[in-house]
Amino acid sequence: MGIISWIVLGLIAGALAKWIMPGKDPGGFIVTILIGIAGAFVGGFVGSLVGLGTVGGLSLGSIVTAIVGALILLFAYRLIANRGG
């Protein structure tokens, strides 16, 4: 998967994760994309561990996997951010 595909997948996953789990998070658009891209990696890793497959292209399955990963990262980010403040 090319870098542009990862960015597009990250944008989609990050935006949908933010829509599913709304709240005040610093960083805006760029952080949303970065959480989505990292979520694709996390989702692919977790998916491969439990036997669901990996993120392999722009398909519905890879978007769902990336969203789950982004939700995990967003939840962890909020836990860490709330401890500091």
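Summarising the geometry of Ala13 relative to Ala70, their closest heavy-atom pair is O-CB, 4.1 Å, with the distance given to 0.1 Å.
To the nearest 0.5 Å, atoms CE (Met21) and CG (Leu71) are separated by 5.0 Å. Taking CG of Leu79 as the start and CG of Leu74 as the end, the distance is 10.0 Å to the nearest 0.5 Å.
With sequence neighbours excluded, the residues forming a side-chain contact (heavy atoms from CB on, under 4.5 Å) with Leu73 are Ile35, Ala38, Val42, listed by chain and number.
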